[in-house]
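All values derive from a computational prediction rather than experimental measurement. In what follows, residues are counted from 1 in the order of the sequence shown. Ligands are counted one by one from 1 in listed order, and the atoms in each one are counted from 1 as well.
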Amino acid sequence: MANEPLTILVTGGAGYVGAASADALIEAGHRVVILDDLSTGDSYLIPNAASSVTGSYVDRDRVGDLIRDARIDAVLHCAARSIVSDSMEKPERYYRDNLIGSLNLLDAVQNAGIRHFVFSSSAAVYGGAQSALIPEDSMTAPINPYGATKLAFEHALRSYAQAFDIQVLALRYFNVAGATERVSERHTPETHLLPRIVAAAQSGEPFTLFGADFPTPDGTALRDYVHIADVAAANAAAFAALQKGKIGSTFAAINIGSGTGTSVREAIGAVERASKLSVKIDQQPRRDGDPASLVANIDRAAKLLGWRPRQSDINRIARSLFSTS
Ligand code: UFG
């Protein structure tokens with residue numbers, strides 16, 4: 001039987017993950033209210049079927065008013081500062097927004113008696129791989145401030161979930177990539193691998209490859225690229241599982257990835273095949289804070305959410321980048 005429709009507040013709903021997730025929630029029959037300050041999001045990404053408020057999740061009183069006025073039942077917290085290299089240079093911004101700001105949001109949520117909270121966490125909480133496929137109970141030892149702030153907020157969520165009547169799922173996304181019909185990745189500046197390979201392929205400028213001396217099969221770093229549509233579906237599955245009472249604990253961290261490692265060179269190959277263009281490579285030293293390998297064990301997502309990746313093959317991800325542009 002279908003679940004009752006919820007009214008879900010999506011912070012960062014004008015961003016890449018938030019907008020695609022809002023689409024998936026609407027598709028699942030929920031009402032969506034987007035809260036985004038448009039600092040990095042784009043208003044055109046807000047789905048027509050959603051209502052939206054321009055503002056920041058860090059403003060506790062305003063968020064409290066919004067929750068009450070819009071009769072919010074549940075929260076998907078996607079908004080964050082999210083660039084690893086930027087977090088190395090400006091850690092204060094990451095701690096202020098991703099941690100203190102998120103705590104303000106959480107206080108508003110708790111004061112309002114909201115019972116279901118889904119958090120966009122990150123594989124960056126792990127630091128690097130201790131095993132080929134990382135399960136959720138691996139040691140968390142972030143090696144950059146971005147990952148540290150995501151982990152610190154997970155700790156707060158776990159404590160709140162134990163103390164108050166709120167159930168939390170922290171979805172640890174691996175490398176979100178690709179495009180849906182409506183939503184594609186656009187950051188300024190763009191630091192992420194696939195859009196940078198695409199830009200190099202289209203412009204003919206060389207692509208800068210950071211590090212070819214990692215202890216991996218081809219020397220370039222391994223990541224787990226997961227299609228944005230699969231991430232959006234995982235968020236919808238998270239609310240469905242919470243509504244059905246299927247989680248069995250007040251807090252759970254769940255990896256969302258493809259379960260497959262792809263090297264930077266393999267990603268270049270996938271873009272070349274999808275675009276029929278060739279990519280020139282400018283090999284440079286490793287980037288600060290980059291682990292050699294981050295690949296998910298995704299058994300828990302299957303078990304708790306009934307979710308599995310359906311579109312996350314690297315060739316399919318690469319093709320999705322050209323079918324919308
Ligand atoms: N890379 C290059 N050249 C580039 C860009 C990236 O060689 O121009 C390499 C990086 O060095 C890294 C890999 O491609 O080895 C992936 O880099 P991204 O910047 O695309 O992604 P990251 O793995 O650094 O980080 C991303 C998100 C984080 C998230 C993390 C989780 O930015 O928010 O994935 O795995 F935490």
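Residues K90 and D86 are paired through a salt bridge, judged by an N-O separation under 4.0 Å between the basic side chain and the carboxylate. Note on R68 versus D65: salt bridge recorded, some NZ/NE/NH1/NH2 to OD/OE distance being below 4.0 Å.
Every atom of ligand 1 with a heavy atom of A123 under 4.0 Å away is listed here by number and element: 31 (C), 35 (O). Less than 4.0 angstrom separates some heavy atom of A124 from each of these atoms of ligand 1: 36 (F). If you number the atoms of ligand 1 from 1 as listed, the ones under 4.0 Å from a heavy atom of L294 come out as 35 (O). When each atom of ligand 1 is checked for a heavy atom of S82 under 4.0 Å away, the hits are 32 (O), 33 (O). Atom numbering of ligand 1 starts at 1 in the shown order; those under 4.0 Å from a heavy atom of L209 are 7 (O).
Among the atoms of N175, some N or O lies under 3.5 angstrom from an N or O of ligand 1. Checked against a 3.5 angstrom limit, the closest N/O atoms of S122 and ligand 1 fall outside it. Here's the thing with L193: one of its N/O atoms is less than 3.5 angstrom from an N/O atom of ligand 1. Taking only nitrogen or oxygen atoms, main chain and side chain alike, F207 does not reach within less than 3.5 Å of ligand 1.
Side-chain atoms of S120 and H77 include no donor-acceptor pair closer than 3.5 Å. Side-chain polar atoms of H116 and Q243 form no donor-acceptor pair below 3.5 angstrom.
Assignment of G211 to the shell around ligand 1 is not supported, since no heavy atom sits closer than 4.0 Å. Using a 4.0 Å heavy-atom cutoff, Y225 is listed among the residues neighbouring ligand 1. At least one heavy atom of Y146 sits closer than 4.0 Å to an atom of ligand 1.
The shortest contact between atom 9 (C) of ligand 1 and any protein heavy atom is with V264 CG2, 3.9 Å. Ranking protein heavy atoms by distance to atom 5 (C) of ligand 1, first place goes to T191 O, 3.4 Å. The protein heavy atom nearest to atom 3 (N) of ligand 1 is T208 O, 2.7 Å. Looking only at protein heavy atoms, the nearest one to atom 11 (O) of ligand 1 is D290 OD2, 2.6 Å. Among all non-hydrogen protein atoms, the one lying nearest atom 15 (O) of ligand 1 is A221 CB, 3.1 Å. The closest protein non-hydrogen atom to atom 2 (C) of ligand 1 is F210 CD1, 3.4 Å. Looking only at heavy atoms of the protein, atom 8 (O) of ligand 1 is closest to R196 NE, 2.7 Å.
The ring-ring contact (aromatic ring centres under 6.0 Å, His included) test with F119 singles out one residue from Y160, Y173, F153, F251, and that residue is F153.
Partners of R115 under the side-chain hydrogen bond (donor to acceptor under 3.5 Å, both in side chains) rule, at least two apart in sequence or in another chain, are D165.
In terms of modelled atom types and a separation under 3.5 Å, the side chain of D42 and the main chain of Y44 share no donor-acceptor contact. A donor-acceptor pair is defined here as one N or O able to donate and one able to accept, closer than 3.5 Å; no such pair exists between the side chain of W307 and the backbone of A238.
Within 6.0 Å of CD on E190 lie more than 12 heavy atoms contributed by other residues, nucleotides or ligands.
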Between I34 and S51, is the side chain to side chain contact (heavy atoms under 4.5 Å, CB included) condition met? List the steps. CA-CA 6 Å; I34 283 172; S51 43; over 6 Å; no
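L193 has its side chain within reach of V264: a pair of non-hydrogen atoms, C-beta onward, lies under 4.5 Å apart.
Linking ILVMFWY residues whenever their side-chain heavy atoms come closer than 4.5 Å, directly or via other members, leaves F210 and I268 in distinct clusters.
The closest non-hydrogen atom to atom 32 (O) of ligand 1, taken over E190, K150, H192, comes from H192. Residue R287 holds the heavy atom nearest to atom 24 (O) of ligand 1 of all those in R172, R223, R287.
Remark: R186 fails to qualify as a cation-pi partner of Y16 under the 6.0 Å distance and 45° angle criteria applied to the six-membered ring.
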